[in-house]
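Note: hydrogens, waters and symmetry copies are ignored here, and every other heavy atom, side chains too, is used. Nothing fancy with the numbering, it's 1 onward along the sequence. This is a predicted model, so every value here is computed, not measured.
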Amino acid sequence: MAGEYARALLILGRRDAAFAVLDSMLQFAHRAYYNPYGIAAVYAALGDADHAFQWLDRAYEQRTIWLIDLALYEEFEPLRSDPRYAALLRRMRLTP
């Protein structure tokens, strides 16, 4: 999975390489289907909340099943304090 590879590169401190992987994911997404959740995860890991939420919204619109595990993945940790995160969980009815 390209998204996991990009996140691994970030852990290794290879930010430029992670951006290159993200760029290839985005290029593919323009030609064919690419799971928006994976792209959102890379943006979140890169610290780009605005783009991460754009792709999470796209995942929600497409009813991507992976969204039900959103709270479990550490790459989304930087987004959890953002009001858009709570709003997304409410839209998915994952909060009381």
Side-chain angles (χ1 to χ4, degrees):
M1 309 285 276
E4 292 172 357
Y5 181 61
R7 290 188 305 273
L9 289 168
L10 285 170
I11 291 168
L12 294 172
R14 300 191 56 208
R15 195 168 176 83
D16 290 342
F19 272 109
V21 172
L22 175 61
D23 186 53
S24 70
M25 293 167 70
L26 293 170
Q27 287 179 20
F28 186 86
H30 289 301
R31 294 188 315 269
Y33 176 78
Y34 198 99
N35 187 341
Y37 183 87
I39 294 173
V42 176
Y43 273 123
L46 287 166
D48 187 340
D50 291 336
H51 282 108
F53 281 111
Q54 286 176 356
W55 285 92
L56 285 172
D57 287 340
R58 189 177 294 189
Y60 176 79
E61 291 167 9
Q62 294 177 6
R63 303 294 191 248
T64 302
I65 191 70
W66 290 40
L67 280 175
I68 62 171
D69 292 333
L70 183 65
L72 301 177
Y73 290 97
E74 67 184 52
E75 56 265 30
F76 292 106
E77 179 65 35
L79 305 180
R80 293 192 178 124
S81 62
D82 190 302
R84 294 173 288 184
Y85 182 83
L88 178 60
L89 291 181
R90 280 192 302 276
R91 277 189 286 160
M92 294 187 303
R93 299 180 187 182
L94 293 178
T95 58

Q | Neighbour count above 12 (heavy atom, 6.0 Å) for Ile65 CD1 | A | no
**Q.** Spacing of Ile39 atom CD1 and Arg58 atom CZ [to the nearest 0.5 Å]
**A.** 7.5 Å
Q | Spacing of CG belonging to Leu88 relative to OH belonging to Tyr60, to within rounding of 0.5 Å | A | 8.0 Å
Q | Heavy-atom closest pair, residues Asp48 and His51 | A | OD2-ND1, 2.7 Å
Q: Please round to the nearest 0.5 Å and tell me the distance separating atom CZ of Phe19 and atom CG of Leu10.
A: 7.5 Å
Q) Nearest 0.5 Å, what's the CG-CG distance between Leu9 and Asp16? A) 10.5 Å
(Q) Please report the interatomic distance CD(Gln62) to OH(Tyr33), rounded to the nearest 0.5 Å. (A) 5.0 Å
Q.
Out of the candidates Arg93, Met92, Arg91, only one should pair with Leu89 under the side chain to side chain contact (heavy atoms under 4.5 Å, CB included) rule; please name it.
A. Met92
Q: Identify the two heavy atoms, one from Ala52 and one from Ala40, that lie closest to each other, and give their separation to 0.1 Å.
A: O-CB, 3.5 Å
Q.
Between Gln27 and Asp23, do the side chains contain a donor N or O and an acceptor N or O under 3.5 Å apart?
A. yes
Donor-acceptor contacts, no H, no angles, side chain residues 67-79, under 3.5 Å, sequence neighbours left out:
residue: Glu77; atom: OE1; partner: Arg80; partner atom: NH1; Å: 2.6

(Q) Is the shortest side-chain heavy-atom distance between Trp55 and Thr64 below 4.5 Å? (A) no
Q | side-chain contact (heavy atoms from CB on, under 4.5 Å) assessment of Leu22 paired with Leu46 | A | CA-CA 10 Å; Leu22 175 61; Leu46 287 166; 3.6 Å; yes
